[in-house]
Amino acid sequence: QSPLRDLIVQALPSASPRGSSARTSSRSSSSQTLHIATMSAIAGTSAAIDAAAPIFADVARAGKSRCATSDGHRRAPIIAKAVVKSAATRSSSRLSTLGAIAAVVSVVLAADFLVFADTERQAGLAAWLLPLLADGSAGGWGLEAALCGCLVSAALIQRLASHKRSSGAAVEPAPAKQLSAGAAHPASVAAVGPGGGGRRSMAGARRASSPLDAAAAQPPPQSQQQRGAVAKLNSAIDAAAKRGDVAAAGQLLRDFEADGGQAATVSYNLIIRACARKSDVASCEHWLKRMEGAGVEVTVCTYNTVMDACAKAGAAEACETWLKRILERGMDPNVISYATVIYAHARRGDPGQAEQWLKRMLAAGIEPDAVAYNSLIHAFSVKGDVAGASRWLLEMRRLALDTSVATYTSVIDACAKAGNTEAAEQWLKAALEDGVQPNVVTYCAVIDACAKAGNLQRAEHWHDAMIAARIAPNAHSFTAVINACAKKAGPDGGKMAERWLDKSTDAGIICDAAIFSSAIDACGKAGDAERAMRIFRRMKAAGHRPTIITFASLARPFAYRGDWVKVENIASTMASEGVKSNEYFLYAQLLSYAVARPKQAERAEACFRQSIQTGVGVNEHVVNALMRAVGRPRCDQLMEELCGGREVPKARNAGGTRPQRSARASLDGADAAA
């Protein structure tokens, strides 16, 4: 064993052994555990496990998981899987992650070939452990631990090869249940009673659903040549999938099987995952059916990938069906399985169903991870449900789950949709107190909340605070402030919007069509026609194509004045650029005829007829504007002739006469409806 010891000592000089004792008080927790990994590798006996048990327990507690080692080497690989999954998901510090990974190395090596029935199976475990720990380096687990894992796994594979050549001794096989992919020993689950303030730690983290884990679930090919062929196939499929060429990836697998090759689970999972990225549910289901027909083992990872495709395609019911299929086949769905269903309902904006599935997840004994909670919070955010989004964020904090900037941003966005400035500002402050650094999206959500409430002063305050925090503004942040200018009452709204437009240019922001349209909208609501036209020309000079929203905003201030000539000119420009009219532009045009002195009844009727012929919708605001332009009797006739006898609104005030509204109030009402 000395070559293996030397490799580890060279890689980790700080963890070099000082004898056989596992208890070295002068070392840190992680160094002690790495020391035990070295000694276990050298000893290769169950006694090493017993010596490592105290530090192993410390590491497990640091990773917020408990793993019993009383059964020694027979449970070692099962516990190893549980620990590495727990470390990948739960670890909140580099120290506990290093220790957990080192503990995995320790217990796997100490098993000393007493778990699996043959060396091929043991090689499969080593092949599973090697890339998992190697991936840990890129994931921030620490270069030392990843290198240790790679060296140990490589040495283990070499030792297996030597063992196979020199020893034909039979060993007692482990129960088949313990050899299943992702099977966690019950000892890897720590249950916490109600009100304890803790949380359950479950095996089944996201990394467990990787194709690598699926590959470990089935026996590897029986020959080196077959192993090499499958590895080459998987590499080619993965390369084609990364190029987005799913057809080529599928053809590679078909050709391989046509030549008599036996593809592995990971081969099919790679193709199904590529289809899922394109939200191609039909193709995912096709390859799953072919996989079953070929006798290749279908894992929970496979089903999760198909469910992911359904979620992206908006098929929440299909996600539920596939989860039920997992249960019907006697498999154990994991955190990803339930989280995908939650995400599917959240993406569709159905917080009620998303919440129900999270509760079912808890009832199944699986603790939702941060991704599941974030999806649920997003569902409430889409609906502008501040109470629901806030409730689940508070639950995340109670469970000590990691709350990210995306978590807080979703809640703040719910506040923005509800126009609840106070709540938005409180949650931003809570994020800062929680050590979460807001980003530009977070600040934009707060500014949006201020804009919806018409609080320009607070919108400007938070934009300045964002810059003071050294977060670079973008087009969206300036657009949010300009939207607040649009909400500002009085004639200064347009002037302030143009000032913020100039600020964005001075800041080096490349203004897009949205920021120009927002500025024009602010001018329109302020009745500042000349400023609106000036900004419109700037927009055209910048090479942006105006939308129907831009044209409707531009027509608004001229409609207020009854300047139907200018509105018709805008309509002509809009038609020449291929932009189709809608009911909001039609309303502005009809209003310009109604406000004009004298009224332009004939033009209003002609405009209305043409709009009906081109398929423009008719809402209540359009009917009101038409009635003001042509009078109620003629409006009734036009409704009968062109709109199937649609009723003309007959709202009355207390005196029995129709209340008079200013042109601006009427148009603002249409904007609110829009």
Side-chain angles (χ1 to χ4, degrees), residues 486 520-521 523-529 532 546-674:
I520 293 171
D521 179 58
C523 295
K525 289 180 177 177
D528 196 340
T547 65
I548 181 58
I549 297 174
T550 311
F551 282 110
S553 298
L554 180 62
R556 178 187 295 110
F558 296 101
Y560 289 161
R561 299 178 178 181
D563 191 347
W564 57 268
V565 174
K566 198 65 176 180
V567 175
E568 285 188 349
N569 289 339
I570 294 172
S572 178
T573 301
M574 183 173 71
S576 67
E577 296 192 10
V579 179
K580 294 183 178 180
S581 181
N582 65 6
E583 58 268 37
Y584 301 107
F585 188 90
L586 173 60
Y587 172 72
Q589 190 167 357
L590 291 176
L591 188 62
S592 70
Y593 297 133
V595 177
R597 293 293 179 268
K599 290 185 179 181
Q600 301 295 315
E602 293 182 1
R603 289 182 178 276
E605 181 174 334
C607 174
F608 183 73
R609 287 182 179 276
Q610 183 181 6
S611 298
I612 294 297
Q613 291 174 0
T614 57
V616 176
V618 177
N619 59 26
E620 180 180 349
H621 298 287
V622 169
V623 177
N624 278 327
L626 178 65
M627 181 179 64
R628 292 181 61 181
V630 302
R632 174 174 290 278
R634 184 55 182 162
C635 184
D636 288 337
Q637 294 172 359
L638 291 173
M639 289 295 101
E640 183 69 30
E641 177 186 351
L642 303 174
C643 299
R646 175 171 177 164
E647 183 179 359
V648 177
K650 298 180 179 180
R652 300 281 178 178
N653 61 13
T657 60
R658 187 169 185 81
Q660 296 296 314
R661 301 180 66 197
S662 69
R664 181 171 301 178
S666 299
L667 194 49
D668 287 344
D671 293 336

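Separation of atoms OH (Y587) and NE2 (H621) is listed at 7.0 Å; rounding is to 0.5 Å. Here the straight-line distance linking atom CG of N582 with atom CE of M574 works out to 7.5 Å at 0.5 Å rounding. Considering CG of L586 and CZ of F608, their distance stands at 7.0 Å, rounded to 0.5 Å. Taken from CE in M639 to CG in D636, the straight-line distance is 8.5 Å, to the nearest 0.5 Å. Going from atom CG of L626 over to atom CD of E605 covers 8.0 Å, rounded to the nearest 0.5 Å.
Residue pairs meeting the salt bridge (Lys or Arg N to Asp or Glu O under 4.0 Å) criterion with at least one partner in residues 575-596, sequence neighbours excluded, are K540-E577.
Side-chain atoms of S553 and T550 include no donor-acceptor pair closer than 3.5 Å.
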Report, one line per pair, each donor and acceptor closer than 3.5 Å where one atom sits in a side chain of residues 590-598; sequence neighbours left out.
{"unit_1": "S592", "atom_1": "OG", "unit_2": "Q589", "atom_2": "O", "d": "2.5"}
{"unit_1": "Y593", "atom_1": "OH", "unit_2": "E568", "atom_2": "OE2", "d": "2.5"}
{"unit_1": "Y593", "atom_1": "OH", "unit_2": "Q589", "atom_2": "NE2", "d": "3.2"}
{"unit_1": "R597", "atom_1": "NH1", "unit_2": "A594", "atom_2": "O", "d": "3.3"}
{"unit_1": "R597", "atom_1": "NH1", "unit_2": "V595", "atom_2": "O", "d": "3.0"}

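Counting only heavy atoms from C-beta outward, the side chains of I570 and F585 approach each other to under 4.5 Å. Within the 4.5 Å cutoff, the side chain of D528 has no heavy atoms near those of the P557 side chain. The shortest side-chain heavy-atom distance between C643 and I612 falls under the 4.5 Å cut-off.
When all heavy atoms of A486 and D521 are compared, the closest pair comes out as CB-OD2, 3.7 Å.
T573 is linked by a side-chain hydrogen bond (donor to acceptor under 3.5 Å, both in side chains) to nothing, counting only residues two or more places apart in sequence or in another chain. With sequence neighbours left out, the side-chain contact (heavy atoms from CB on, under 4.5 Å) criterion links E641 to R609, L638. Residues forming a side-chain contact (heavy atoms from CB on, under 4.5 Å) with D563 (at least two apart in sequence, or on another chain): F558, R561, V565, K566. Under the side-chain hydrogen bond (donor to acceptor under 3.5 Å, both in side chains) criterion, E602 pairs with no residue at all, not counting sequence neighbours.
A distance-only check finds no donor-acceptor pair linking the side chain of K525 to the backbone of R556 [under 3.5 Å].
The 12-atom threshold is not exceeded at CD of Q610, counting heavy atoms of other residues, nucleotides or ligands nearer than 6.0 Å.
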